[in-house]
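Chain identifiers are assigned alphabetically (A, B, ...) following the order of the sequence lines, protein sequences preceding nucleic acid strands; residue numbering begins at 1 within each chain. Side-chain atoms are counted along with the backbone in the values below, which use heavy atoms only and exclude waters and symmetry mates.
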Protein chains: 2
Amino acid sequence: MSPSKSRTDALMAGEELSSVAQRERRKRIVDATIALASKGGFDAVQMRAVADRADVALGTLYRYFPSKVHLLVSSLAVELERAQEKMDRTTVPGDSAYERVLFVLGRITRGLQRNPHLTEAMTRAFTFADASAGAEVDRVAWLMESMFTKAMSDDAPTDEQKAIARVIGDVWLSNLVAWVTRRATATDVANRLELTVRLLLK
Amino acid sequence: MSPSKSRTDALMAGEELSSVAQRERRKRIVDATIALASKGGFDAVQMRAVADRADVALGTLYRYFPSKVHLLVSSLAVELERAQEKMDRTTVPGDSAYERVLFVLGRITRGLQRNPHLTEAMTRAFTFADASAGAEVDRVAWLMESMFTKAMSDDAPTDEQKAIARVIGDVWLSNLVAWVTRRATATDVANRLELTVRLLLK
DNA sequence: GGAGTTTATAGAACGTGTTCTAATTCGGGC
DNA sequence: GCCCGAATTAGAACACGTTCTATAAACTCC
């Protein structure tokens, strides 16, 4: 009983999956999720459809991800990690924190805006998540925060830098949601982010 | 046809309801929503339960509010208006924008935290809202923004003040959500708000 | 006060997230 | 090779948001 439980937890965390087959199943599921979300957004990510496309039974899908929100937030984490890796491989221009943060923000924002449906699906899942998905949400929040602290300086971030990064993350997410729900244009978003970063870092 | 349509729109906006009976129905619905949300949060606000409690048919409920999200966001607007009126009747202490904004923030936040389930229901609906509820969401966003600009100064707000108010609103909401989903304690929230307002207004 | 229109009601019906069941397959230890 | 517990499968079942249908009540205009 106890070993089974710990293995199940590992499924959710996505690390240390016992077998190759399981790692592959998990990847197929996340891929299917991203594909469906890219095509039709949050509503198109239907659990039966994800299971079909990933060639997995519905019950298995739920064994790997206990809810649609867990599934989408975990996929968001995967995507952010990819973005972060890409960012790590590029040298961020600008000789002030202000300029570098704006560069990073602009680049990721434009990246997300290139895939509106996917962005809609993930941001809505993220903000709708309840307590049961706390771990996944925290992971994403941490990825966002570190994305911005890295842009501010190469050294370990100070508390104030962390606070600033968090505020930027909050504003970023809120604007992304406004854009996704068509309450703000891409220009609105860019302006507000610029203004926010200016208030905080200049 | 055309007069009927415009009357239906009025139902959603909540203004100019044709008859007394309709105004009363609408009020019963919002009251039922708030009562159910206060008791069990977002999940407890079930459309059949709201209809029952408001003594209204399910179809009627949907005629007044086209979705659960519309219903909850409209109720949030009602609650924020109440809070705003209360705030208008008290003199906000503090001789800097920083102090006054913090006072307002702290007071409203503590007010919401006194009713965790209601807060959970409303914030989750607000952040989950899709494009179809854009008008209701904008209204709430505007209420929040003006709440903070009023605290900053009695005069008409400058663009910078509006921008600051918006940032504060974003951070406030995000922290409220974190608290509601138990990813942050009340102390965390208070600290982060204090820090944010300090960064922006000091 | 009656015809026509709009609104409300009761309840069935439908879609999708989630859970449950029974049968099957897989993988590791003998 | 065989056994056992765990993982997977197919599919039924259930819950709740939403839509639809048929009927009744309320309102409007003459």
Side-chain angles (χ1 to χ4, degrees), chain A residues 1-12 17-26 28-29 32-33 36-37 40-73 121 124-125 128-130 132-133, chain B residues 1-12 17-26 28-29 32-33 36-37 40-73 121 124-125 128-130 132-133:
Chain A
M1 191 68 199
S2 152
S4 125
K5 182 164 184 307
S6 77
R7 216 173 309 154
T8 299
D9 289 349
L11 288 185
M12 293 166 57
L17 278 187
S18 27
S19 80
V20 176
Q22 284 179 323
R23 257 189 304 275
E24 281 170 354
R25 256 186 222 104
R26 191 176 203 281
R28 285 207 308 277
I29 291 172
T33 302
L36 287 169
F42 188 86
D43 292 340
V45 180
Q46 302 189 354
M47 300 305 268
R48 289 170 182 84
V50 172
D52 276 4
R53 194 180 239 263
D55 230 332
V56 133
L58 190 54
T60 306
L61 171 52
Y62 273 95
R63 164 179 276 276
Y64 282 69
F65 299 94
S67 80
K68 176 168 171 171
V69 163
H70 285 78
L71 175 55
L72 279 166
V73 177
R124 287 187 61 204
F128 189 57
D130 69 355
S132 81
Chain B
M1 192 68 201
S2 153
S4 127
K5 181 163 184 307
S6 76
R7 220 173 307 157
T8 300
D9 289 347
L11 288 186
M12 294 166 56
L17 278 186
S18 26
S19 79
V20 176
Q22 285 179 325
R23 258 188 305 273
E24 281 170 356
R25 254 183 226 107
R26 190 175 203 281
R28 285 207 308 277
I29 291 173
T33 302
L36 288 169
F42 188 87
D43 292 340
V45 181
Q46 301 188 356
M47 299 305 268
R48 289 171 181 84
V50 173
D52 275 4
R53 193 179 238 266
D55 230 332
V56 132
L58 189 55
T60 306
L61 171 52
Y62 274 95
R63 166 182 276 276
Y64 281 68
F65 299 94
S67 81
K68 176 169 172 171
V69 164
H70 285 78
L71 175 56
L72 279 167
V73 176
R124 287 187 63 203
F128 189 58
D130 69 355
S132 80

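Side-chain proximity of A/A57 to the nucleotides D/dG17, D/dA10, C/dG17 is greatest for D/dA10. Residue A/R25 places its side chain closer to D/dT8 than to any other of C/dT18, D/dT18, D/dT8.
Nearer to the 5' terminus of DNA chain D, by closest-nucleotide assignment, is the contact made by A/V56 (compared with the other of A/V56 and B/G59). Nearest-nucleotide positions on DNA chain C for B/R28 and A/F42 put B/R28 closer to the 5' end. Sequence order on DNA chain C of the closest nucleotides to A/Q46 and A/L58 puts A/Q46 first from the 5' end.
Counting to the nearest Å, the P atom of C/dT9 and the CG atom of B/D52 are 12 Å from each other. At whole-Å resolution of the value, CG in A/L71 and P in C/dT16 are 17 Å apart. A/R23 places its CZ atom 18 Å from the C1' atom of D/dT8, with the value rounded to the nearest Å. The interatomic distance linking A/D43 (CG) with C/dC14 (P) rounds to 21 Å, in whole Å. When the P atom of D/dA7 is taken as reference, atom CZ of A/R26 falls 15 Å away, rounded to whole Å. Rounded to whole angstrom, the span from the CG atom of A/L72 across to the C1' atom of C/dT18 amounts to 15 Å. The distance from atom CD of B/E24 to atom C1' of C/dA8 is 15 Å, rounded to the nearest whole Å. In this structure, OH of A/Y62 is placed 18 Å from P of D/dG11, rounded to the nearest angstrom.
Every residue was checked against the ring-ring contact (aromatic ring centres under 6.0 Å, His included) condition with A/Y62, not counting sequence neighbours, and none meets it. Residues forming a salt bridge (charged side-chain N to carboxylate O under 4.0 Å, His left out) with A/R124 (at least two apart in sequence, or on another chain): A/E120.
A cation-pi geometry, defined here as NZ or CZ lying under 6.0 Å from the six-membered ring centre and within 45° of its normal, does not hold between A/K68 and A/F128.
Between the side chain of B/R48 and the base of D/dT18, at least one donor-acceptor pair of N or O atoms lies under 3.5 Å.
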May I have the step-by-step check of side-chain contact (heavy atoms from CB on, under 4.5 Å) for A/L71 and A/M47, ending in yes or no?
CA-CA 9 Å; A/L71 175 55; A/M47 300 305 268; 4.1 Å; yes
Between A/D130 and A/V69, does a side-chain contact (heavy atoms from CB on, under 4.5 Å) hold up when you go through it step by step?
CA-CA 9 Å; A/D130 69 355; A/V69 163; 5.8 Å; no
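Contacts of B/V45 with the nucleic acid, taken as non-hydrogen atoms under 4.0 Å apart, involve only primed sugar atoms and P, OP1 or OP2.
In this model, the phosphate group of D/dA26 is not approached by any side-chain N or O of B/Q22 to a distance below 4.0 Å at OP1 or OP2. Residue A/Y64 has a polar side-chain atom (N or O) positioned under 4.0 Å from OP1 or OP2 of D/dT8.
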